[in-house]
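Single-structure report; data block below.
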Amino acid sequence: MSASSLRLGVNIDHVATVRNARGGAYPDPVRAAHEAVAAGADGITAHLREDRRHIRDTDIAALRQLSVPLNLEMAATDEMVGIALATRPHAACLVPEKREERTTEGGLDIVGGRDHLAPRIAALSEAGIRVSLFVEPDEAVMDAARALAAPVVELHTGRYCEAAIEGDALRLRAELDRILRAARYGTQIGLEVHAGHGLTLDSVGPVAAIPELKELNIGHALIAEAIFVGLRQAVRDMRAAMDRARENAAGLA
């Protein structure tokens, strides 16, 4: 891991999306995971969806053999909890999931969903699987995560990234402030705070500069950039951008 202490988790879902478009075995997301690790990824993230639109059960079994931690993104359902308990990934990140969505559209409702989430979090934790909750960057949500005894939260950065794409400076600043406040408060109350969703080389810097964040999980932008420069180079470039941002922030502190 880089001396910056900010880990990079590489999400390989969309390698599987390309594979499944033809129904064959190529490109292999497990090979992509090995390429990402060789380029400096600290972990691999894969989302096993209910409809298996990209990652398959056999992928998870193979990814479990990697030399770096596997973060299994999953809905909080009995089926997915059962798969996690059987395969024992390093971490399970509980995310909201709807069949009609193209990608995850927001954070979990962990306030309204407490009764549904609590026993599933407990079962995963008791099995030694680190549980994280994919949530909106909000202080009240941090309190709810702590009350559920989840050790990690992953802050949804999608709205920040949308503002960056739109060039909306006011909204960009507001969304970045939300992430910053949630990261600080979550850390203060004992959570490990991660972030991800939609981050690109152009938008990652201000988020990577937040010292309380311990990990960024990035997928689509890396796989897209890999079309042009290869996956190893895409991962190296993202790692370098994260490190520069963290080092620059430390220099200004």
Side-chain angles (χ1 to χ4, degrees), residues 7-17 19-20 28-30 32-34 36-37 41-99 101 103-110 112-135 141 144-156 191-197 214-219:
R7 299 188 297 267
L8 171 60
V10 174
N11 186 313
I12 55 161
D13 289 354
H14 293 299
V15 177
T17 299
R19 174 194 64 188
N20 296 355
D28 180 7
V30 178
H34 284 287
V37 171
D42 300 297
I44 296 297
T45 292
H47 185 173
L48 185 66
R49 283 181 173 266
E50 178 189 26
D51 60 10
R52 308 306 199 267
R53 71 174 69 167
H54 35 62
I55 294 296
R56 301 168 181 164
D57 299 64
T58 52
D59 296 328
I60 296 300
L63 291 167
R64 184 64 183 84
Q65 306 307 312
L66 289 170
S67 61
V68 298
L70 172 63
N71 176 35
L72 176 61
E73 285 190 352
M74 52 183 267
T77 64
D78 290 340
E79 179 196 15
M80 291 301 158
V81 170
I83 290 170
L85 294 177
T87 57
R88 300 295 178 99
H90 170 76
C93 182
L94 302 183
V95 302
E97 187 174 305
K98 295 184 290 186
R99 279 183 176 268
E101 68 186 0
T103 185
T104 306
E105 296 173 348
L108 276 171
D109 176 10
I110 63 173
R114 176 184 173 85
D115 291 344
H116 174 77
L117 291 168
R120 291 161 176 82
I121 292 170
L124 293 166
S125 297
E126 288 168 8
I129 299 168
R130 187 195 71 189
V131 179
S132 63
L133 304 176
F134 185 72
V135 296
V141 174
R146 189 171 184 275
L148 281 165
V152 181
V153 292
E154 181 171 334
L155 305 181
H156 177 229
L191 298 172
E192 181 174 315
V193 186
H194 303 176
H197 197 80
K214 299 300 183 183
E215 181 174 301
L216 300 184
N217 285 297
I218 303 174

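- Taken to the nearest 0.5 Å, the CD1 atom of Ile44 stands 9.0 Å off from the NE2 atom of His34.
- Among all heavy-atom pairs drawn from Ile121 and Ala149, the shortest one is CG2-O, 4.4 Å.
- Proximity of a side-chain donor or acceptor of Arg64 to a complementary backbone N or O of Thr87 within less than 3.5 Å is detected.
- Atom CE of residue Met74 and atom CG of residue Leu48 lie 9.0 Å apart, to the nearest 0.5 angstrom.
- Leu108 CG to His156 NE2: the interatomic distance, rounded to the nearest 0.5 Å, is 11.0 Å.
- Looking at heavy atoms from C-beta onward, Phe134 lies out of side-chain contact with Glu73 at the 4.5 angstrom threshold.
- In this structure, the side chains of Thr77 and Arg120 stay at 4.5 Å or more apart for every pair of heavy atoms.
- With sequence neighbours excluded, the residues that form a side chain to side chain donor-acceptor pair (under 3.5 Å) with Asp57 are Arg52.
- In this structure a side-chain-to-backbone donor-acceptor pair under 3.5 Å is present from His116 to Ala76.
- Taking each heavy atom of Val68 and Gly43 in turn, the nearest pair found is CG2-CA, 3.9 Å.
- Side-chain atoms of Asn11 and Thr45 form no donor-acceptor pair, as typed in the model, at a separation below 3.5 Å.
- Scanning all heavy atoms of the two residues, the minimum distance from Ala84 to Pro89 falls at O-CD, 3.4 Å.
- Between the side chain of Asn217 and the backbone N or O of Gly196, no donor-acceptor pair lies under 3.5 Å.
- Taking Asp115 as the reference, nothing meets the side chain to side chain donor-acceptor pair (under 3.5 Å) condition, with sequence neighbours excluded.
- For the side-chain contact (heavy atoms from CB on, under 4.5 Å) test, residues two or more places apart in sequence or in another chain that qualify with Ala127 are Leu85, Arg88, Ile129.
- Nearest approach of Leu94 to Ala75, heavy atoms of both residues: CD2-O, 4.5 Å.
- The pair Arg53-Asp51 meets the salt-bridge criterion, since a charged nitrogen lies less than 4.0 angstrom from a carboxylate oxygen.
- When every heavy atom of Ala145 is checked against every heavy atom of Ile110, the shortest pair comes out as N-CD1, 3.4 Å.
- By the side chain to side chain donor-acceptor pair (under 3.5 Å) test, Asn20 pairs with Arg56, sequence neighbours left out.
- The side chain to side chain donor-acceptor pair (under 3.5 Å) test applied to Arg19 returns Asp59, not counting sequence neighbours.
- With respect to Val152, the side chain to side chain contact (heavy atoms under 4.5 Å, CB included) criterion is satisfied by exactly one of Glu192, Glu215, Lys214: Glu192.
- Atom NE2 of His47 sits about 7.0 Å away from atom CG of Asp13, to the nearest 0.5 Å.
- Here SG of Cys93 is found 9.5 Å from CG of Leu72. Values are rounded to the nearest 0.5 Å.
- Shortest non-hydrogen contact noted between Ala150 and Leu191 is O-CD2, 3.3 Å.
- The distance from the CE atom of Met80 to the CD1 atom of Ile60 is 9.0 Å, given to the nearest 0.5 Å.
- Residues passing the side-chain contact (heavy atoms from CB on, under 4.5 Å) test with Ala195 are Leu155, Thr157, Val207, Leu213, Leu216, sequence neighbours excluded.
- Residues passing the side-chain contact (heavy atoms from CB on, under 4.5 Å) test with Ala32, sequence neighbours excluded: Ile12, Val15, Leu231.
- Asp109 is linked by a side-chain contact (heavy atoms from CB on, under 4.5 Å) to Val111, counting only residues two or more places apart in sequence or in another chain.
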